[in-house]
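The structure appears below as structure tokens.
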2 protein chains.
Amino acid sequence: MTTTRKITSLDVAKRAGVSRSAVSRVFTPGASVSERTASKVREAANALGYRPNVLARAMLTGKSKIIGLVVAYLDNHFYPTVLELLSEALEREGYHVLVFMAAHSADDVEDVVSQILDYQVDGLILASVSLSSDLANRCRASGVPVVLFNRKLEAEGELAVVSDNRMGGRLAAEHLISLGRTRIGHIAGWEGASTQRDREAGFMEGLRAAGLGLFAREVGDYRLPRAKEAARRMFDTPDRPDAVFVANDYMAFGVMDVLRSELGLRVPDDVALIGFDDVPSAAWPAYSLTTIRQHAEAMVTTAVEALLSEIGGTEVTSPAPLPVTLIRRGSA
Amino acid sequence: MTTTRKITSLDVAKRAGVSRSAVSRVFTPGASVSERTASKVREAANALGYRPNVLARAMLTGKSKIIGLVVAYLDNHFYPTVLELLSEALEREGYHVLVFMAAHSADDVEDVVSQILDYQVDGLILASVSLSSDLANRCRASGVPVVLFNRKLEAEGELAVVSDNRMGGRLAAEHLISLGRTRIGHIAGWEGASTQRDREAGFMEGLRAAGLGLFAREVGDYRLPRAKEAARRMFDTPDRPDAVFVANDYMAFGVMDVLRSELGLRVPDDVALIGFDDVPSAAWPAYSLTTIRQHAEAMVTTAVEALLSEIGGTEVTSPAPLPVTLIRRGSA
DNA sequence: CAGTCTCGTGCAAACGCATGCAGTGAGGGA
DNA sequence: TCCCTCACTGCATGCGTTTGCACGAGACTG
């Protein structure tokens, strides 16, 4: 086993007949180097296959160029999409994403964030995870900017990027009402999430504006099995809703499966269904799910922008909630 | 803005009245420290909120405890699943995953891997991406173990974790044949991928064993739009197949959509459909896709095991292809 | 031609930690 | 009592960079 020694800037320096500082400067954009030495160094570096050690640089500059991403589950297709966009956007800015999976429990998040901080990440994105406020303080104490993605914290002035969930809920209500539905139900997500609260608040607002109340309500916790059980409880009765707003697409798929496959109900004839997110598969003909679209690209762009500003030292306030759009498809 | 100074092992040492070495040893499992100083140090560390800097440790020990993961696209639900399992498995071993998105093109992979190596990753997992052999050499020269996931490289002795794709293809053929189908087609994935070649080879084997040939063949490149086009070409004709093996589930969904929604064909009555992977949504009633299951957990476990052994210095050879299973559902 | 500026370069000091080595003290056996 | 052993601890060095500082050489200016 030929243990190839690690090549350092010193090796390059010797070969190019210059000092370590010179090679360093060649690889530091905006540093003062003559074209002559630069080319000598580049040549030597190529010959030796040298690339600066990011970790060593990180220690000195305090900037690791890595962003921690905490995400709870990837089975909801919204998050893989986000992860992909996020990673691409950050790579474009010279950063990379260190992934941390967190289970639901809050103490787990606590633990996970500690681990992240060990890596001296330059910033932190918490997607679909609730953050205790003292944890937020810990991060701030460590000087690590945090942005909450698709979730917000009522109390503190935490940086949070969210869609206009309230408006989304309202649009959902208005659309169902415009269809002439009157017995309208709601299958909620996890009630600890701000998204859930806002979506439901907007939805209720929309119902009230039309003089309607909620016909039925169940909780699905943003989980597929839970959502299916919720659907069974809500619909396996003669006196059932004729429309339902499901708090996200992922659950809506499960609900639609129960309605059509288990209960023999027709969508949208017997019951109209509307979701939230507009994940790619919502457009697939097998579901053709009417939904409220969250603009993932815009959310990601906004989040990255905010995070990088904060990293750059600019004090940033939470951007306004991003607009959502009603996407009409076959289910409502 | 209260810029909280970063707390180092020296701060802890001072507060505990010991030397930096002592602090270091407390956080190094297996080092020689008395219980008395250990508790003093731990107390001080907690009070100050100290945690060892992983990067600094990485420089010294040469082990960064981070694993690079290169993945091309996350819209195929197989990969988010894998990412989740992989991250969890590695976290259990004290590692974390640095994600790199790579487009299809080989030169992009080249570039991406260079970037990864800058981070001094302890290992590299390439999922759904092909590795040029000189790139493999570069990695080996840097002393970074690499394992290919769900892809293999014919030429070199690269470490690769794959399912028994050949057997999977064969199972698919046998199942369709057992259903009495005779006009059997295949919609292929990306032909540069070893998975595609193996699946198709096994499939052809199965057909031949029954004295059958391929009735039709199109290429979907593992991409959804391509697969739909392929389906249109294959089925928008009176003389169409009565069964088709689609090289993965993701494409199979698109194919089924085209068959049912665009062409008004019934699955499985008019045409039987079988996929590959068994992603979670294959089980959803709206598709109820018969498929060849790849055991993602087993693949991940195997990959992690192999990678860690290699990191540990043990010379490892590629594990045997992992078994696959036929999952019968409604589509065939 | 002297003075001033600019540009390019090398030196050396950090960054935060791990670890070999030597030294301390306590305990135990003879 | 003396010496050896052993568990523990501190010192100092090094990991691969970046960067402030000083210095030398030209290039300009007047």
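As a basis for the values below, the full set of heavy atoms in this structure was taken, side chains included, without hydrogen atoms, waters or symmetry mates. Every chain is numbered from 1 and lettered A, B, ... according to where its sequence line falls, protein lines coming before strand lines.
One interatomic measurement links the two molecules: CG of Asn53(A) to P of dG16(D), which rounds to 8 Å at whole-angstrom precision. Across the protein-nucleic acid pair, Leu55(A) atom CG and dC17(C) atom P stand 14 Å apart, rounded to whole Å. Rounded to an integer number of Å, the gap from CD of Gln120(A) to P of dT17(D) is 19 Å. To the nearest angstrom, P of dC15(C) lies 15 Å from CD1 of Ile7(B). Here dA14(C) presents its P atom at 13 Å from CG of Leu10(B), a figure rounded to the nearest Å. Taking atom CZ of Arg36(B) as the reference point, atom C1' of dT9(D) lies 12 Å away to the nearest angstrom. Rounded to an integer number of Å, the gap from NZ of Lys63(A) to C1' of dC15(C) is 14 Å. For the pair Met59(A) CE and dG14(D) C1', the interatomic distance rounds to 11 Å; values are reported in whole Å.
The closest donor-acceptor contact from the side chain of Glu84(A) to the backbone of Leu74(B) lies under 3.5 Å. Formation of a donor-acceptor pair under 3.5 Å by the Ser87(B) side chain with backbone atoms of Val97(B) is not found in this model. No donor-acceptor pair under 3.5 Å is formed between the side chain of Ser9(B) and the backbone N or O of Ser21(B).
Taking only side-chain nitrogens and oxygens, Thr61(A) never comes nearer than 4.0 Å to OP1 or OP2 of dT17(D). Taking only side-chain nitrogens and oxygens, Arg57(B) never comes nearer than 4.0 Å to OP1 or OP2 of dC17(C). Residue Ser9(A) places at least one side-chain N or O closer than 4.0 Å to OP1 or OP2 of dT17(D). Phosphate proximity of dG8(C) to Ser32(A): present, with a side-chain N or O under 4.0 Å from OP1 or OP2.
Listed candidates were dT9(D), dC15(D), dT17(D). Nearest to the side chain of Thr8(A) is dT17(D). Nearest to the side-chain atoms of Lys6(B) among the listed nucleotides dT9(C), dT9(D), dG16(C) stands dG16(C).
Contact annotation: the side chain of Leu55(A) never approaches that of Met59(A) to less than 4.5 Å [non-hydrogen atoms, C-beta and beyond].
Residue Glu43(B) qualifies as open at atom CD: its count of foreign heavy atoms under 6.0 Å is 12 or below.
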Intermediate values then yes/no, side-chain contact (heavy atoms from CB on, under 4.5 Å), Lys6(A) and Gln120(B):
CA-CA 11 Å; Lys6(A) 198 165 284 180; Gln120(B) 311 298 114; 3.2 Å; yes

Please assess Ile67(B) against Val121(B) for the test side-chain contact (heavy atoms from CB on, under 4.5 Å), listing each intermediate value before the final yes or no.
CA-CA 5 Å; Ile67(B) 303 289; Val121(B) 295; over 6 Å; no

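Screening residues 6-37 of chain A for ring pair (Phe, Tyr, Trp, His ring centres under 6.0 Å) gives Phe27(A)-Tyr50(A) as the qualifying pairs, with residues at least two apart or on separate chains.
Listed in residue order, the members of residues 43-52 of chain A having a heavy atom less than 4.0 Å from DNA chain D are Tyr50(A), Arg51(A), Pro52(A). DNA chain D lies under 4.0 Å from at least one heavy atom of each of the following residues of residues 12-29 of chain B: Val18(B), Ser19(B), Arg20(B), Ser21(B), Ala22(B), Arg25(B).
When only modelled atom types and interatomic distance are considered, Ser309(A) and Glu305(A) share no side-chain donor-acceptor pair under 3.5 Å.
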